[in-house]
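Structure record follows, encoded as structure tokens.
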Amino acid sequence: TDYIYQSVSMFSTEFWVLVKGAMTFDGDAFRVMAELPNANQIAIQVLLLVGLSQTVGQGIILFINRVKPVRFALSLGLGAILFVFSYGFWIASTFFVSRVLFQQPLDFREVYQTVGLATAPQLLSFLIALPYLGVPIQIVLALWALLVFVQGFSISTGFGLWQSFICGLLGWIFLQLLQRTIGRPIATLGSWLSNQTAGTDLVTDLRGIETLLETGLQGDAPPQGGRR
């Protein structure tokens, strides 16, 4: 614990010690996180980097839509911000479910900081761009992050491992219900912002992407027939 705390204190702008600790299931990372005065800042930094990593992994969609370089970079930044916003709803859902289900006086900051650091494994989300391996990698990273969350939530709140797992799972289910009801206008706003930033109506469905690829290949193909 002393080693982690001293490392973070000496390198206040570098939080990789905590990130590594979370990814390797070092419970001291969450204990130290709770003691740091800049814990909220570290949590938001992790979430932003994870959001950026996921957006980079999905950047092939921007490439296929032929988004210009400047707008491409802006779209990556917006994707990271939207990711943090969406995770904010999951944090709130987990906090609400935990308070209602177990009737424990939780501190919202504990939930926020724990969820933020627990997403550390998803810093590798850029790997989902790998052909054929993208979906399996995404599943592995999600399960990895869930296990880190269960451990971290148990340490931060004093809940048992099963209680922490139930809180995370029910929080996620509650979030899905919100997204399919009152969250739809927010999702629509997010899509509109993405399109405005990209400068075009982004095609994200599989059939539309296939059509864009076929159109692009036909447009780039050399004209048939030679010179007379």
Side-chain angles (χ1 to χ4, degrees), residues 4-59 73-99 106-128 138 141-142 144-157 164 167-168 171-172 174-175 178-179 183 186-187 189-190 193-194 197:
I4 296 180
Y5 187 85
Q6 292 173 3
S7 298
V8 176
S9 298
M10 291 174 60
F11 305 99
S12 58
T13 59
E14 299 178 2
F15 59 172
W16 298 111
V17 175
L18 285 178
V19 169
K20 180 182 178 181
M23 294 177 71
T24 56
F25 297 98
D26 185 351
D28 286 341
F30 290 94
R31 296 186 184 95
V32 171
M33 178 84 160
E35 299 174 4
L36 292 174
N38 61 334
N40 290 336
Q41 178 183 352
I42 293 174
I44 194 69
Q45 287 175 343
V46 176
L47 287 171
L48 279 171
L49 284 179
V50 170
L52 182 61
S53 181
Q54 283 200 357
T55 308
V56 169
Q58 298 169 354
L74 292 175
S75 295
L76 294 181
L78 177 65
I81 294 173
L82 291 177
F83 174 84
V84 173
F85 191 74
S86 66
Y87 247 76
F89 280 98
W90 186 57
I91 293 169
S93 300
T94 302
F95 174 76
F96 174 77
V97 168
S98 303
R99 289 288 297 267
L106 295 179
D107 187 340
F108 183 79
R109 290 175 299 177
E110 291 178 344
V111 181
Y112 160 64
Q113 293 167 9
T114 300
V115 171
L117 186 57
T119 59
Q122 293 179 307
L123 288 170
L124 302 176
S125 293
F126 62 90
L127 295 175
I128 64 177
Q138 190 174 25
L141 292 178
W144 187 2
L146 174 61
L147 294 176
V148 173
F149 165 81
V150 170
Q151 181 198 40
F153 198 74
S154 177
I155 293 172
S156 301
T157 64
S164 300
C167 288
W172 180 81
F174 186 65
L175 174 62
L178 287 179
Q179 289 179 337
I186 299 176
L189 176 61
L193 287 173
S194 298
T197 304

Is there side-chain contact between T114 and T94, with at least one heavy-atom pair below 4.5 Å?
->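 Not in contact.
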Item to check | Test item: S98 and T157 side chains (from C-beta on) under 4.5 Å apart, heavy atoms | outcome: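 No, too far: nothing below the 4.5 Å cut-off.
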If you round to the nearest 0.5 Å, how far is [atom2] of [Y] from [atom1] of [X]?
X    : Y    : atom1 : atom2 : value
K20  : L123 : NZ    : CG    : 14.5 Å
L146 : S164 : CG    : OG    : 10.5 Å
F30  : E35  : CZ    : CD    : 14.0 Å
I42  : L47  : CD1   : CG    : 12.0 Å
M23  : W16  : CE    : CH2   : 9.0 Å
L106 : C167 : CG    : SG    : 7.5 Å

**Asked** Which heavy atom of S53 sits nearest a heavy atom of S125, and at what distance?
**Response**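 Smallest interatomic distance, heavy atoms only, reads OG-N, 3.2 Å.
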Exercise. Which atoms form the tightest heavy-atom contact between A43 and Q113, and what is the distance?
Worked result: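 Closest pair (atom of A43, atom of Q113, distance): CB-CA, 4.0 Å.
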Evaluation steps, side chain to side chain contact (heavy atoms under 4.5 Å, CB included), between Q151 and I155: CA-CA 6 Å; Q151 181 198 40; I155 293 172; 4.0 Å; yes
- Got a sec, which residues hit ring-ring contact (aromatic ring centres under 6.0 Å, His included) with F126, two or more places apart in sequence or on another chain?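 With sequence neighbours excluded, F126 shows a ring-ring contact (aromatic ring centres under 6.0 Å, His included) to no residue whatsoever.
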Excluding sequence neighbours, so at least two apart, what forms ring-ring contact (aromatic ring centres under 6.0 Å, His included) with F96?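 F96 satisfies ring-ring contact (aromatic ring centres under 6.0 Å, His included) with F174 once adjacent residues are dropped.
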query: Once the angle between the rings of F149 and W90 is folded into 0 to 90°, is it parallel (under 30°), tilted (30 to 60°) or perpendicular (over 60°)?
result: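 Correct class here is tilted.
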Item to complete: Please determine which of V50, L141, V19, L49 meets the side-chain contact (heavy atoms from CB on, under 4.5 Å) test together with T119.
Response: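 It is V50; the other options fail the test.
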task: Start with the C-alpha distance between V111 and F153, add both sets of side-chain angles, then the distance that settles side chain to side chain contact (heavy atoms under 4.5 Å, CB included), and finish with yes or no.
output: CA-CA 7 Å; V111 181; F153 198 74; 3.9 Å; yes
